[in-house]
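Shown next, in structure tokens, is the structure this report addresses.
Whatever order the structure lists them in is the order used to number ligands and atoms, beginning at 1.
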Amino acid sequence: MSDGGPLVGVINAGSSSLKFSIFEEDGCVLAGQVDGIGVRPGMRMKDAAGNPVPGPDLAQAPPQSPAEALLMLLPWLREWLGGRVLAGLGHRVVHGGPRYDRPERASLSLLDELETLSPLAPLHQPHNLAPIRAALEKAPHLPQVACFDTAFHHTMPEVVQAFAIPLALAEKGIRRYGFHGLSYEYIASVLPTAAPEIADGRVVVAHLGNGASLCGMRAGRSVATTMGFSALDGLPMGTRCGELDPAVVLHLLRQEGMDPAAVEDMLYRRSGMLGLSGVSSDFRDLLASSDPRARFAIDVFVHRVARGVGSLAAALGGLDGLVFTAGVGENAAPIRAAVCEACAWLGVELDPVANAAHGPRITGGASRVPAHVIPTDENRMIARHTRAVIAK
Ligand code: ADP
């Protein structure tokens, strides 16, 4: 490691895992994760060259929560950094609610406020916040920054944010927020160099990973997105259903006798590609499978992505560019090809050779709407935000 600019840590905490990375300037020098927390915790870590790094010994006192894992990691990091100090920690926080349209320096009062948003994102928000609180209490001098997945979508017009339900519910915060904002913000930040011809135009970015959504941007600002009140809405995903007639939920509760926890489990963990195919939630498995249900799941996914692109093009008043990103968008050429073919009516003309080579531009010179493959990097976005907030 060089003796370059300030080092910042990036934390992405879930219910039983803690992903972390250390950034120096714009480069990642250490990345790893602790998973199986509460059951059988294991740690994997790699340095900038991809060499495995042995982390702290978890066996002696296995962490019982991601917050405990972070507290074990901090003293180990101090030694690993050999005298260099961590300038701050940036955290991915799923929900910034109606108020936060940019990252915020973490404090106990901010955490109290963000905890009131937990009912809006019960599967993520409490897990994102707990390690921040633990580190604030144990290491109060270490600056921490909360970076919100919703913040980028604050530029969506009010008509896009609204659900057609009684106004009193909207005043309680029931509206479209949109997610994957750190990924979209990163893409918006690199568009001027990666695809300058479309950076100021009307672009649909397809974040297609295990979680999937689309964002319509005008000049790099969010105008509309497929995810809504929660990260369950919009496109079908690995195990999440995506957009669903709300009457289906009522039917499951009333006619099928399911309780809310069972419905939640089904819609979040047993639907999407896994539910449709019965084979796997992973697109690699689906693409390799000869099971007709795997093919069908892919067809449903492509259909919904293409419909979503059309819908966002309507919200944008036209389409100047299409960008594919995240695990599926960056790697699955057959999925990109099928989506582009379904978007031919919008002026997207695929170049199959460029697509097979993963671009970066996957449409021919004559295509009215260019399509690009651009790798996303949410952690780098969080590191940039963290550096900027603590420098203030
Ligand atoms: P997450 O939402 O977990 O961050 P990623 O963006 O890493 O997800 O995407 C993970 C998904 O990307 C995997 O579930 C897999 O389906 C898909 N994927 C990764 N590599 C490939 C590949 N070479 N071909 C097809 N799909 C891929």
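A side-chain N or O of His385 and one of Glu185 form a donor-acceptor pair less than 3.5 Å apart.
With respect to the salt-bridge test (charged N to carboxylate O, under 4.0 angstrom), the residues Asp291 and Arg295 do not qualify. Note on Glu115 versus Arg133: salt bridge recorded, some NZ/NE/NH1/NH2 to OD/OE distance being below 4.0 Å.
Below 30°, between 30° and 60°, or above 60°: for Tyr184 and His207 the angle between ring planes is above 60°, a perpendicular geometry.
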Report all N/O contacts between ligand 1 and the protein shorter than 3.5 Å as a table of atom names and distances to 0.1 Å; if there are none, say 'none'.
{"from": "ligand 1", "atom 1": "2 (O)", "to": "Asn210", "atom 2": "N", "distance (Å)": "3.3"}
{"from": "ligand 1", "atom 1": "2 (O)", "to": "Gly211", "atom 2": "N", "distance (Å)": "3.3"}
{"from": "ligand 1", "atom 1": "6 (O)", "to": "Gly327", "atom 2": "N", "distance (Å)": "2.9"}
{"from": "ligand 1", "atom 1": "8 (O)", "to": "Asn210", "atom 2": "N", "distance (Å)": "3.2"}
{"from": "ligand 1", "atom 1": "9 (O)", "to": "Asn210", "atom 2": "N", "distance (Å)": "3.4"}
{"from": "ligand 1", "atom 1": "12 (O)", "to": "Val328", "atom 2": "N", "distance (Å)": "3.4"}
{"from": "ligand 1", "atom 1": "16 (O)", "to": "Asp282", "atom 2": "OD1", "distance (Å)": "3.0"}
{"from": "ligand 1", "atom 1": "16 (O)", "to": "Phe283", "atom 2": "N", "distance (Å)": "2.7"}

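Cation-pi check for Arg175 over Tyr177 is met; the charged atom lies under 6.0 angstrom from the ring centroid and within 45 degrees of its normal.
How far CZ of Arg361 is from CD1 of Ile198: 8.5 Å, rounded to the nearest 0.5 Å.
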